[in-house]
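Structure, as structure tokens:
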Amino acid sequence: MDSPILLLLALLIALIQCFPDDYHSHNSTRHHDYCVLGAGPAGLQMGHFLSKSQRDYIILERNSGPGSFFNIYPRHRKLISINKIYTGRRNREFNLRHDWNSLLSDRPDLLLQRVSRELYPDADSFPRYLSMYVKELGLKVQYGVDIGKIRASESESPRGRGYILTDQRGLDYTCRVLLVSTGLWDPQKVQFEGSDLVEGYESIPVDPEEYKDQAVLILGKGNSAFETAQSILGRASRIHLYSPSPVRLAWQTHYVGDLRAVNNELLDTYQLKSLDGLVEGGLEDIAIVRNGEDEKKRSGRKKKCRSSGKEKRGKLFLTLSELLDSSDGRNSSKVTATNLPVYHNDNFSLRQPYDRVIRCLGFRFNFSIFDGSARPPSSEGARGRLPGVTAWYEGRGTPDLFVLGTAAHSRDYRSSAGGFIHGFRYTVRAVHRVLELRYHSNSWPAIKLSISQLQSWLLRRVNEASGPYQMFGVLGDIILLRGSHCEYLEEFPLQALPQFSSLSGHQLSKHGLLVLVLQYGLNRTDSLGPGRAESEWTRAWRSNFLHPVLYYYDKLPTERDMRHRPVGWPLPRPKAVHHMIEDFLTEWDGPISHSQPLRRFLEHCLHTDLRAFYAESCFRFSLTNQKPPLFCRQGYLRKHGVVRNSQLWQHAHDAGLMPGGQDSASPDTDPSFPDYLTRAGTSVSSAINLDF
Amino acid sequence: MYFIYFGKQVNPTIGLFIEQLEKSADALEDYGISVAMVNCTNEHIEKYCTGEKLMKKVYLFRGGNVLKSFDTDTVFDVNAIVSHVLFTVLFDEVRYVHTIAELQSVERAAKGKADIVLGHVQVLGLPEHRALMETAFVYGVKYQFVLTTGGPVLTNMGVEDISSLTAGLWFLHCKGASQSQHSDPCPHTALRRALTTLHIYTFLQLMEAPLVVRSQSEASVEPSEVNMVHSHLQVPLLFLFSQPHTVALDRVTAQTLAWRLRGQVGLVLIHRESPDVKIPLEYNAAYRLPGEGSEVKYLILNNLEEVIDLFRDESTPEEEEDDDNWATLDVLDDEVAESVYRDRGQSLDMDAVTELTADIFHSAVAESDYTVVLFYVKWDAVSMAFMQSYIEVSESLEDADVSDVELAVLDCGEWTDVCSAQKISFFPTVRLYRPQEPSQPYQGMLGTESLNRFIMLSRLVSPVLLSSPDEVTSFLKGDLYQRHAAIAPVTVLGLFSSTADAGVSVFKEAAKALRGETMVGLFADRQAEIWAVEYSVTLPAILVSRGPTGQTEAHSLNLSMPDQLVTHIQRALLDTFPELTVENLPLYLELKKQLLVLFVGEEERGRKENRVLEDMRSLLNTGLINPYLPCWIHLGRTPAGKAVLEAYLGFLPLLPALVVSQLATGGEVFHYPTGRPLMVQPILQWLQRVEDGEEPPTGVIVDEKWMPSMPFYDFLSVMDQEVPGYASQRSAKTKTSRIERAEGEKSSSGERQARAGAHNPQGSPTTKPPQTPHHHSEL
């Protein structure tokens with residue numbers, strides 16, 4: 001068989017396969033169904049799903065490797081995402097609840113823990129992990145492609161509008177669907193008088209020695225500000241953190257973007273009065289001025305200040321723009337005593353000068369690469385730093401352009417985990433499912449379950465599912481009720497519920513639907529105080545910690561219902577709601593506290609008895625009722641009944657749940673006094689009127 | 001005194017009565033009344049044992065005389081027995097009034113001597129009546145008990161809607177009333193709770209307690225130290241603080257209040273001047289709810305109505321009932337869940353089975369000839385109930401030295417990937433794995449016996465290829481696989497004239513699918529004609545053999561699809577006159593026929609049973625009962641049948657009993673008259689009459705939806721009640737303002753927190769008048 005002709009043929013085929021690439025590069029245009037912009041965690045996550053469903057896609061990356069953001073950030077090189085390797089469990093899905101770095105894949109070992117065993121891994125391990133992810137899954141990434149301009153294609157092709165991307169060499173990439181996972185790269189800046197004297201988090205030196213005996217003012221109170229403070233705490237003389245809002249502690253707000261306890265040592269030194277401190281105040285109306293510097297010097301030594309003496313020459317003062325003598329002309333102002341707040345208020349908190357002022361205000365989305373035809377609007381929340389997207393992450397006004405990853409955080413800014421790897425890996429999956437329906441007519445995956453199995457299945461999900469657990473209040477499981485069976489859809493974006501049918505490809509029946517959501521309680525004030533936890537299941541709705549909540553609707557909520565939903569709720573007021581009591585161990589499997597209340601709720605929604613029965617009981621019901629209970633119909637009558645085991649049978653008898661077992665009296669052995677008396681009794685009791 | 005029933009025969013109603021009578025013995029013993037039962041068939045007592053067969057009278061004797069006789073319908077349960085008997089005993093002590101005038105005369109007589117307890121029950125024999133009579137028995141000497149029928153007397157007591165009041169009790173304070181004003185009624189207090197002995201007792205104790213506890217000697221202490229009868233009776237206490245210069249006035253106030261709140265709240269007047277009393281001056285009242293360690297709450301009262309309102313809210317009988325209600329919800333009412341829960345103290349002996357993990361799953365199922373895997377989740381009660389049977393099977397296989405079968409379990413709560421990959425969507429799922437073969441689901445009953453049978457039969461190749469007529473005979477007799485024949489006596493044999501027959505491969509497929517369910521043999525040879533002739537069928541055919549003692553039936557085959565063939569064989573396996581058991585009922589219900597059921601008693605064994613069944617078989621042979629599935633239930637082997645029979649007829653008849661149950665059609669039940677001989681002709685005639693609608697049905701098969709057994713806990717209504725507005729949709733108008741308010745609240749509370757420690761630099765410029773006010777836009 002090994003003939004030279006075959007070899008030649010193979011060679012020819014290989015040549016032909018090579019051709020299109022050459023052809024395209026010469027023609028300076030390439031077409032793909034899907035272009036993913038950026039090979040960061042979100043882009044690669046989408047790459048995996050596209051590759052798994054065998055779609056025509058390409059991931060474009062301007063740098064030479066994946067996850068290049070993490071080559072620079074965080075500056076002090078410690079990730080604060082939890083990489084918990086030992087959970088005491090072997091359930092992969094469950095373990096993802098405590099692995100905040102790994103991406104989703106079908107490979108059980110393609111996790112960050114292969115690269116780092118640290119709870120808070122070194123930042124370098126993350127790009128390494130991503131490289132491994134790309135390699136092992138064989139994802140198609142094209143590096144060194146720096147897209148500078150994106151526009152919507154003008155011609156209305158039959159397949160939709162499409163996008164044209166132009167790279168640094170002027171090469172065009174056309175794609176039907178554009179998936180923007182560029183992350184947030186542009187440092188957020190605020191303009192004020194003297195803002196040019198401020199150093200940025202992106203460029204400050206990270207060697208603590210550089211801060212020896214320096215007084216440092218940091219603008220911002222987020223994780224990057226505290227991370228910076230933490231690193232120089234042992235060298236700097238004084239660290240002040242200044243921003244408009246007070247610190248929000250992640251362990252109080254349950255929002256991982258707020259200040260994590262990993263970096264908050266400064267709170268300690270502040271509260272124990274060891275020279276550091278936090279101050280609240282606006283950023284727009286402040287000014288930073290340099291003392292005793294003429295114009296020439298200022299322009300010459302912009303950022304470095306190496307004065308070793310204690311004199312205040314060349315130091316930076318915080319003042320207010322209104323105190324600067326505007327009549328002097330802005331540029332030529334020489335700082336005088338009256339320009340400083342201390343002149344007017346002798347105990348002004350920030351009256352001492354600083355050696356450095358550092359800006360740690362976070363990042364914003366780079367809107368500049370988008371042509372007007374392809375630019376999503378700025379988000380309403382998050383100070384407009386993010387693109388505005390629909391509930392299914394499509395840019396508002398930019399059809400077929402989806403935003404993934406951190407840039408898509410506007411949907412759940414400051415409430416859930418959509419801006420973080422452990423959150424957006426699930427939203428990316430949800431977006432992929434939307435794509436599969438819209439462009440390939442594949443409906444949202446659903447499992448068909450017997451109604452008698454629904455309770456077990458719900459408990460399974462609440463006990464292991466990582467998606468709704470991480471994306472609490474944002475992604476939820478949808479259960480379409482269909483009478484004797486139901487369809488179970490996982491991790492649907494809740495805010496898109498009014499568009500459920502068009503996004504999932506599933507229709508609702510008259511039986512309605514259930515939505516399973518995990519959510520925190522509303523009382524978020526005293527996280528460590530007494531009474532913070534509830535244990536009585538009837539008080540479950542007051543649970544403060546993450547707990548499962550089921551919503552029952554008889555029809556889909558409309559967009560209007562959604563808009564008018566109760567304050568603080570992820571969904572509109574349902575027909576019925578069930579909160580499962582929060583659990584200290586997050587194990588929701590107690591027969592009395594968890595299972596039975598859940599069953600009663602399901603019974604209410606389904607209008608039927610969902611209890612399980614032994615075969616003996618089903619035997620009785622099957623002969624004495626035209627339609628025995630659901631459990632008997634779906635089990636026993638399909639020859640799958642639960643046959644008693646003598647010990648359990650006795651238990652059931654003792655509990656009085658069996659006929660003739662209501663009385664604890666010993667069963668009557670005399671056949672003339674049969675043991676069905678209690679049943680008969682109910683029909684015999686009569687009311688006799690009082691008659692004297 | 002004696003309360004005696006003389007009985008002869010027992011029907012269900014009398015049976016019930018006897019049961020209740022036995023129970024009442026304890027209760028009546030407390031009142032010195034003995035309960036007895038005389039069996040007239042053993043001891044004939046003249047005068048009482050005469051008369052009809054069913055004795056429906058019961059007698060109360062004092063000394064040797066009948067005090068009163070009761071109909072068993074009247075004294076239908078313990079409450080009725082106790083109340084009626086005590087009612088009779090106390091007949092002379094308790095007064096009965098119908099009109100206001102009658103009540104007034106009783107009041108006049110009692111004034112200055114005794115207080116009156118006035119009771120009302122709409123219906124005799126209920127628990128309220130019993131509670132009232134029991135109290136009267138105990139307190140009859142102390143108080144004058146009066147019963148009323150209602151009407152004007154109740155209106156007189158202030159009852160607005162007489163018809164809705166089923167029971168009530170009033171305390172008429174006549175002892176302290178002056179005799180001179182004999183036309184005035186005694187002041188009265190109503191019991192505001194349900195009539196139970198405990199409530200009545202508490203109420204009477206409260207009536208005895210002083211109206212207002214006062215003066216230095218009794219109450220010159222802190223409210224928290226006051227200890228009175230009220231505390232023991234779980235009644236709230238109200239404290240009023242008196243000033244020296246208003247003592248007289250305060251007493252009047254206290255008195256008035258005490259009357260209004262009598263029976264609900266205890267009132268204490270505390271003198272402020274006492275040196276031990278350290279009460280904040282701004283308060284003039286306080287209250288303490290019952291319960292260990294409940295705190296004293298101080299308050300300022302401006303008028304009496306406020307106080308009364310306070311206790312209308314604070315004495316929360318509704319909530320208490322609610323709590324009780326939900327506490328009963330915590331009782332598991334699912335028999336499987338409950339029995340598993342009761343067993344939680346026992347740890348399962350998991351050593352008997354292999355606990356699989358994701359790591360070893362594939363190697364484990366490849367290793368053994370047969371691996372049975374139970375997929376379960378531990379929160380599924382059915383899984384855990386079946387686990388016990390599963391372990392028993394494993395142990396029994398071990399005892400039987402079956403070494404090629406491995407029983408394993410896999411926890412889907414932990415090894416979720418394996419379960420997803422195996423597409424498990426039903427708990428529990430049992431599958432049989434054989435190396436190099438697709439796994440086979442176990443679809444039988446979740447019990448020891450069926451699973452054991454499945455495993456044993458699965459170890460046999462299916463179909464068993466038979467090579468000689470001798471083997472065929474031996475197979476049909478069950479000799480070939482004796483061990484298997486013992487657990488599955490019914491076997492199927494496929495007969496083909498040649499291996500070349502196209503049907504052979506279809507049959508093999510079907511046999512494969514039936515593996516574990518039935519023993520299937522295959523004989524494909526020209527000699528198969530022998531049996532074809534013997535059973536007068538044409539080949540291809542199947543023979544169904546029902547064991548060495550049973551018959552063998554033959555069916556021709558002309559089906560092309562394995563699925564159809566499987567169904568065909570399964571139908572052929574069904575008995576024509578089966579004994580219905582818990583395990584096989586579903587097979588026969590699939591036929592959707594009317595059932596002609598013979599219920600056979602457990603004491604009937606051997607010859608008699610056989611004779612009855614033979615009669616039925618001959619009925620079958622007439623071929624006239626096609627619309628019916630004739631079958632029988634042995635109440636000894638299938639005790640659940642007893643409840644079925646009872647549900648059909650409303651009582652347990654003499655056995656054997658023949659019943660037509662139109663389970664699939666119409667839902668009516670007919671009972672073949674007891675005493676008529678169970679023989680072919682009368683039965684056929686009876687069936688004809690049933691068909692013609694000439695027989696009255698003796699019962700119906702209910703067609704009720706299985707609604708939830710208990711209400712669900714309605715969180716929405718609880719939210720609406722406890723935090724109004726929390727669960728309501730925003731209205732379109734208020735939408736924005738409410739968001740703003742919500743966010744405003746959030747930020748302001750945040751600032752409050754921060755202000756404690758934060759320094760506000762914006763304080764400084766205010767010394768110099770600022771040109772512009774500083775508004776900080778949020779970051």
Side-chain angles (χ1 to χ4, degrees), chain A residues 90-93 244-246 279-282 322 341 344-345 348-350 453 456 459 538 541 564 566-567 573 577 589 591-592 600-601 603-604 608-609 611-612 615-616 619-620 623-626 629 637 639 641-643 645 648 651-652 655 657 659 672-674 676-677 680-681 687-688 690, chain B residues 10 12 15-16 19 74 96 123-125 326 330 334-339 341-343 379-380 382 385 388-389 414 416-417 425-427 445-447 582 585-586 640 643-644 646-647 652 667 701-703 706 708-709 712 715-716 727 729-730 742 750 754 758-759 761 764 767-768 771 776 779:
Chain A
R90 292 285 309 277
N91 184 322
R92 273 185 60 206
E93 181 66 23
S245 329
V279 179
E280 275 79 71
E322 69 193 30
H344 310 280
N345 185 352
F348 179 66
S349 304
L350 305 179
Q453 290 297 306
S456 278
L459 288 173
T538 51
W541 68 283
H564 295 167
V567 179
R573 183 185 172 98
V577 74
D589 57 3
I592 292 172
R600 296 226 168 98
F601 171 72
E603 286 178 339
H604 171 81
T608 189
D609 190 339
R611 286 179 296 173
E616 279 81 355
F619 172 87
R620 189 159 49 87
L623 283 172
T624 54
N625 290 271
Q626 303 214 1
L637 288 182
K639 300 148 208 161
V642 190
V643 179
N645 154 297
L648 293 177
H651 283 313
L657 291 167
S672 54
F673 293 135
Y676 49 79
L677 290 158
I688 295 117
L690 185 65
Chain B
V10 172
L16 166 81
E19 173 95 347
T74 312
Y96 309 95
V123 178
L124 290 189
W326 294 116
D330 280 349
D334 176 309
E335 62 187 38
V336 181
E338 169 68 20
S339 58
Y341 184 65
R342 283 192 174 224
D343 210 39
W379 52 80
D380 175 44
V382 176
Q388 300 203 354
S389 308
E414 192 68 16
T416 188
D417 290 1
S425 64
F426 203 98
F427 297 112
M445 289 282 168
L446 300 172
V582 169
L585 177 71
V644 173
E646 199 266 318
L652 207 57
I701 295 160
V702 287
D703 185 16
W706 285 81
S709 56
F712 85 124
F715 278 106
L716 276 181
Q729 288 285 94
R730 284 177 265 209
H759 307 276
S764 57
T767 49
K768 180 193 171 190
Q771 282 87 353
H776 309 308
L779 186 69

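Here is the naming used below: chain letters follow the sequence lines, and residue numbers restart at 1 for every chain. Just so it is clear, the structure is predicted and the values come from calculations on it, not from any experiment.
Looking only at heavy-atom pairs under 4.5 Å with chain A, the residue among B:Ala385, B:Ser425, B:Ala337, B:Pro708 that has the most is B:Pro708. The greatest number of non-hydrogen atom pairs below 4.5 Å with chain A, out of B:Asp380, B:Leu585, B:Val382, is found for B:Leu585. Listed options A:Leu459, A:Leu637, A:Val642 were ranked by heavy-atom pairs under 4.5 angstrom with chain B; first place goes to A:Leu459.
In this view, A:Asp589 and B:Lys378 satisfy the salt bridge (charged side-chain N to carboxylate O under 4.0 Å, His left out) rule, not counting sequence neighbours.
Interface residue A:Gln453: only side-chain heavy atoms are found under 4.5 Å from chain B. Contact annotation for B:Ala727: both backbone and side-chain heavy atoms come within less than 4.5 Å of a heavy atom of chain A. Within the 4.5 angstrom heavy-atom criterion, only side-chain atoms of B:Asp417, from C-beta onward, approach chain A. Of the two parts of B:Phe427, the backbone and the side chain both hold a non-hydrogen atom closer than 4.5 Å to a non-hydrogen atom of chain A.
Between A:Glu280 and A:Pro244, the shortest heavy-atom distance links the atoms CG-O, 3.4 Å.
Taking 4.0 Å as the cut-off between side-chain N and carboxylate O, B:Arg342 and B:Glu338 count as a salt-bridged pair.
Note: B:Phe712 and A:His604 have parallel aromatic rings, judged against thresholds of 30 and 60 degrees for the angle between ring planes.
In this structure the side chain of A:Val577 never reaches within 4.5 angstrom of the side chain of A:Trp541, judged on heavy atoms. Between B:Arg730 and A:Pro566 there is no side-chain heavy-atom pair separated by less than 4.5 Å.
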